[in-house]
Amino acid sequence: MGETFKAIQVSRDEEKNQSVDIVELVTDDLMEGDVLIEVEATTVNYKDGLAITGKSPVVRHWPMVPGVDLAGTVIECSSGAFKTGDKVLLNGFGVGETHWGAYAGRARLKSDWLISLPEGFTAKQAMGIGTAGYTAMLCVMALERNELTPDSGPIIVTGANGGVGTVAISILSKLGFDVIASTGRASEAGFLKELGASEIIDRNELSEPGRPLGKERWAGAVDAVGSHTLANLLAQTKYGGTVAACGLAQGFDLPATVMPFILRNVTLAGIDSVMAPKVLREEAWQRLARDLDVSKLDALTTEIGFDDIIRTATDIVDGKVRGRVIVDMKA
Ligand code: NDP
């Protein structure tokens with residue numbers, strides 16, 4: 001049976017009551033796949049928080065080992081895509097939702113889901129970025145595809161203190177954009193300015209029902225919040241601007257009108273990281289290696305060990321986590 005390793009397992013009883021346990025597994029327990037990985041580092045995303053707390057139906061196969069992101073070393077690969085010792089990276093593809101994921105010493109996955117760990121990143125640095133950071137990059141790429149440049153005007157980032165928000169601010173400021181950060185944590189204004197925000201606004205300005213069109217304030221937006229916030233972002237976007245929507249921290253509704261689209265030529269770009277095709281993932285990670293100031297990663301990451309994952313999952317859902325969390329699986 002081989003050596004055992006620790007894992008977090010989410011289970012459900014007949015009444016659909018969820019429980020979370022730390023269990024010992026062996027490799028034979030893992031789900032099917034063509035590549036076996038030793039997990040070196042992972043992270044806690046908002047989605048992982050939802051999976052562990054059961055606050056939203058992220059888990060769709062029971063029992064589940066949660067964890068949507070991992071970086072590690074290939075132990076064996078039968079598809080030929082990777083060789084033993086290769087450093088690899090996984091973001092999404094239903095891992096931690098329908099396929100056992102990162103919160104275990106080992107993971108057996110499909111090699112198609114993996115990319116090589118980008119040059120210049122350690123496993124822990126890649127997890128400092130994680131799905132949240134790679135989604136931030138996908139959002140920035142969507143703004144660029146619609147031809148936004150620093151000359152177009154400021155970009156607003158909502159959920160500024162979160163994982164997507166902090167990385168988006170860092171990338172956009174490095175690219176020369178003027179960044180407005182929208183946050184509920186005014187006490188973190190200094191931190192957000194250090195990351196590169198030039199202006200901080202209170203998220204309450206955007207979170208209530210607003211007018212169909214308002215004063216044109218920004219050329220684009222990276223929105224991790226949804227609901228009235230997204231509607232107000234659209235209503236205050238300049239003519240021809242683009243709003244990249246990736247999140248639902250306020251809510252999954254979108255109480256908006258068509259006015260920004262039909263009168264201001266505003267584009268609403270939807271961003272999904274989970275099923276994004278491999279070429280887009282590889283491009284996003286190459287861009288992260290180039291356009292994210294790695295020295296800023298230290299400022300926006302907190303490192304924890306395996307035993308802290310469950311507590312951190314609750315904290316992220318309660319909005320208590322700033323920036324990104326790295327889990328050192330060897331700690
Ligand atoms: P975090 O929890 O790290 O950050 C979310 C931030 O949103 C918080 O830090 C807070 O920022 C703000 N926020 C929280 N609650 C509210 C609220 N009620 N109203 C307004 N703002 C709020 O999460 P992530 O950054 O990892 O993810 C952000 C969102 O993006 C989530 O909804 C997540 O599910 C989604 N996501 C989507 C992906 C995709 O593929 N589309 C991939 C990754 C994430 P502050 O304190 O500064 O106000």
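Both ligands and their constituent atoms are indexed starting at 1 by order of listing. Because only heavy atoms are used, hydrogens play no part in the values below, and waters and symmetry mates are left out as well, while side chains stay in.
Residue Thr131 places a heavy atom under 4.0 Å from ligand 1. Contact analysis puts Ala160 in contact with ligand 1, with a non-hydrogen atom separation below 4.0 angstrom. Within the structure, the closest approach of Ile271 to ligand 1 falls below 4.0 Å when heavy atoms are considered. Note on ligand 1: Arg203 sits in its first shell, one or more heavy atoms being nearer than 4.0 Å.
Within 6.0 Å of the CZ atom in Arg211, the count of heavy atoms belonging to other residues, nucleotides or ligands does not exceed 12.
Using cut-offs of 30° and 60° for the angle between ring planes, the His99 and Trp113 rings count as perpendicular. Relative ring orientation between Tyr134 and Trp285 is described as parallel, the plane-to-plane angle staying below 30° on a 0-90° scale split at 30° and 60°.
Proximity of Asn45 to ligand 1, defined as any heavy-atom pair under 4.0 Å, is not found for any part of the residue. With a heavy-atom cut-off of 4.0 Å, Thr135 touches ligand 1 through its side chain alone.
Considering Ala224, Ala186, Gly163 only, the shortest heavy-atom separation from atom 24 (P) of ligand 1 involves Gly163. Which of Gln250, Glu188, Arg185 comes nearest to atom 9 (O) of ligand 1 through a heavy atom is settled by distance: it is Arg185.
Between Trp100 and His61, the distance separating the two ring centers is not shorter than 6.0 angstrom.
The residue from Val23, Asp307, Val20 that alone fulfils the side-chain contact (heavy atoms from CB on, under 4.5 Å) condition with Ile8 is Val20.
The two atoms that bring Gly128 and Leu300 nearest to each other are O-CD1, 4.5 Å, heavy atoms only.
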